[in-house]
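Remarks on the structure that follows.
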Amino acid sequence: MFHRGYDILSSTIRQRMITKGRFLPTLVLGIGGGALAYWLHTPLPWLLGAMLATTLVSLTGVRLRPPSSSRKAVLVVIGVMLGSAFTPDLSGDLPLWGASLVIMLLATAVMMAFSVWFSRRVAGYSLDTAMYSGVPGGVSAVTLMAMDSNADLRVVGLTHAIRILILLIAIPPLLQLIGHVSLQSGGISLAQWLWLPTLEDAAWLTAAAVAGVWLGNWLRLPNALLFGPALLSAALHLTGVTEAAIPPTIITLAQVIIGVSVGVRFAGTSLIDVGYNLMMAVVQTIALLLIAILAAWIVHALTGYSLAAALLAYMPGGAPELSLVALSLGIDPAFVTSHHLLRITVLILLMPVLLSRFKRLSA
């Protein structure tokens, strides 16, 4: 009995080591792309450098191993980091947040309506495909829901991947254009790279991560690995229990893995075979981005809130990617995260109702 248990344990460990070993070339490529971008002083170097490097290699036909457990761990880390942005002095901004959240939901409704119309009337997709590919965010949850429908999963996956890719590439020039934030990559000293939190702070961060995952699953939150730790970490920081922060080396690694996660989605993609779907995804993304820019400008004009923060909050992309950008650039990550959490939650709750209603209307 003991030997059998030992064999099972050793087999499991061996299998995990093999899996992680297969991901190592992808990670090295991502770090190399990030390091090159950092050396060139480009905006968001570790995120965009890793993403572009793995995207280009994937488009050549090379099948890069995607991060699995690594991405899950990174989502938890990002959640804890985002929660640390919620400080006790946020209470004065809550009325502005309320107005912005309402405008965000209205903008989301416009985005969703346009996406369904465009995908049905212009691209010629089925209703299921149009609905799930048109959701502005929540790619993981949306893909799982699409598996139980008649949607074309290839179109759904490609549309969301292209959307995130375009948004991340568009962020630096857009933010520079509005002039609300500096994107110059500042150098980090060796002491800053090697900085570590105290044991007490590390314990609080670990507790927020572990208990947050449980909380997210218990509450059945969309993207529980991200938003569960974010909620618990936010509670700890809002109440002043801790002011713990994540070390810069871990933040950098998180950016690389998120960038790699976007790039490897194009593995096995032939530009010739998916040319039409690719073109439709690009046009749709540009239209949704214009809607987001208009909505961000409106909320900025009405409330005076940061245009850069509103833009990241309204963008129709993935919460982990955009929240990490906000955190990395110091653009009110608490504000950005709150908007994405509300939008994804509302959309996932309403998707079955919307799909049923659209089917009745088109019958």
Side-chain angles (χ1 to χ4, degrees), residues 75 78-79 82-83 85-86 93-94 96-116 130-146 156 159-161 163-164 166-168 170-171 216 219-231 234 258 284-285 287-300 302-303 305-327 331-355:
L75 288 177
I78 294 175
L82 293 174
F86 289 79
D93 295 333
L94 292 183
L96 297 180
W97 282 32
S100 179
L101 287 169
V102 171
I103 295 174
M104 180 273 296
L105 291 177
L106 293 174
T108 299
V110 174
M111 290 180 187
M112 194 69 194
F114 171 82
S115 295
V116 174
M131 288 287 294
Y132 289 109
S133 63
V135 176
V139 58
S140 300
V142 168
T143 302
L144 288 175
M145 295 172 71
V156 173
T159 301
H160 281 278
R163 186 181 301 153
I164 294 173
I166 291 176
L167 291 178
L168 290 177
I171 285 172
L219 294 175
R220 297 187 179 182
L221 293 174
N223 209 334
L225 293 177
L226 175 71
F227 291 120
L231 286 177
I258 289 296
Q284 185 187 87
T285 299
L288 295 183
L289 181 56
L290 291 175
I291 295 172
I293 293 173
L294 176 61
W297 179 83
I298 290 174
V299 77
H300 171 68
L302 292 177
T303 67
Y305 212 87
S306 164
L307 182 56
L311 183 59
L312 291 181
Y314 287 18
M315 276 188 168
E321 292 82 7
L322 294 174
S323 297
L324 184 58
V325 169
L327 187 73
I331 308 176
D332 206 339
F335 177 85
V336 175
T337 303
S338 300
H339 282 65
H340 282 283
L341 174 58
L342 178 62
R343 178 169 62 190
I344 293 173
T345 301
V346 170
L347 283 172
I348 289 177
L349 290 175
L350 292 181
M351 274 300 291
V353 177
L354 292 174
L355 187 59

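Side chains included, hydrogens not; waters and symmetry mates left out as well; all remaining heavy atoms used. In what follows, residues are counted from 1 in the order of the sequence shown.
If you take CZ on Phe114 and CD1 on Ile291, they are separated by 6.0 Å, rounding to the nearest 0.5 Å. Rounding to the nearest 0.5 Å gives a distance of 4.5 Å between CZ of Arg343 and OG1 of Thr108. Distance CG/Leu350 to OG1/Thr345: 10.5 Å, rounded to 0.5 Å. Taken from CD1 in Ile171 to CG in Leu311, the straight-line distance is 7.5 Å, to the nearest 0.5 Å. With rounding to the nearest 0.5 Å, the separation of CG in Leu341 from CG in Leu221 is 6.5 Å. Note that the CE atom of Met145 and the CE atom of Met131 stand 8.5 Å from one another [nearest 0.5 Å].
For the pair Leu347 and Pro136, the minimum side-chain heavy-atom distance is below 4.5 Å. Considering only heavy atoms from C-beta on, Asp332 stays 4.5 Å or farther from Ser306 through its side chain. In this structure, Tyr132 and Leu355 have side chains that are in contact, with non-hydrogen atoms separated by less than 4.5 Å. Residues Ile78 and Ile258 meet the side-chain proximity criterion, which asks for heavy atoms closer than 4.5 Å. Taking the side chain as every heavy atom from C-beta outward, Ile164 and Leu168 approach each other to under 4.5 Å.
Between Ala224 and Pro229, the shortest heavy-atom contact is O-CD, 3.4 Å. The nearest pair of heavy atoms linking Ala85 to Pro333 is CB-CG, 3.3 Å. Between Ile344 and Ala319, the closest heavy-atom pair is CD1-CB, 3.8 Å. In this structure, Ala326 and Val336 approach most closely via the heavy-atom pair CB-CG2, 3.8 Å. Scanning all heavy atoms of the two residues, the minimum distance from Ala99 to Thr303 falls at CB-CG2, 4.2 Å.
Ring orientation note: the planes of His339 and Tyr314 are tilted relative to one another, at an angle of 30° to 60°.
Ser100 places no side-chain N or O within donor-acceptor distance of the main-chain N or O of Leu96, the cut-off being under 3.5 Å. Remark: the backbone N or O of Ser133 is paired with a side-chain donor or acceptor of Arg163 at under 3.5 angstrom. Judged purely by atom type and a 3.5 angstrom limit, His300 uses its side chain to pair as donor or acceptor with the backbone of Tyr305. Looking at His340, its side chain never comes within 3.5 Å of a backbone N or O of Gly137 through a donor-acceptor pair.
When each of Leu225, Leu82, Leu75 is paired with Pro320, the side chain to side chain contact (heavy atoms under 4.5 Å, CB included) condition holds for Leu75 and for no other.
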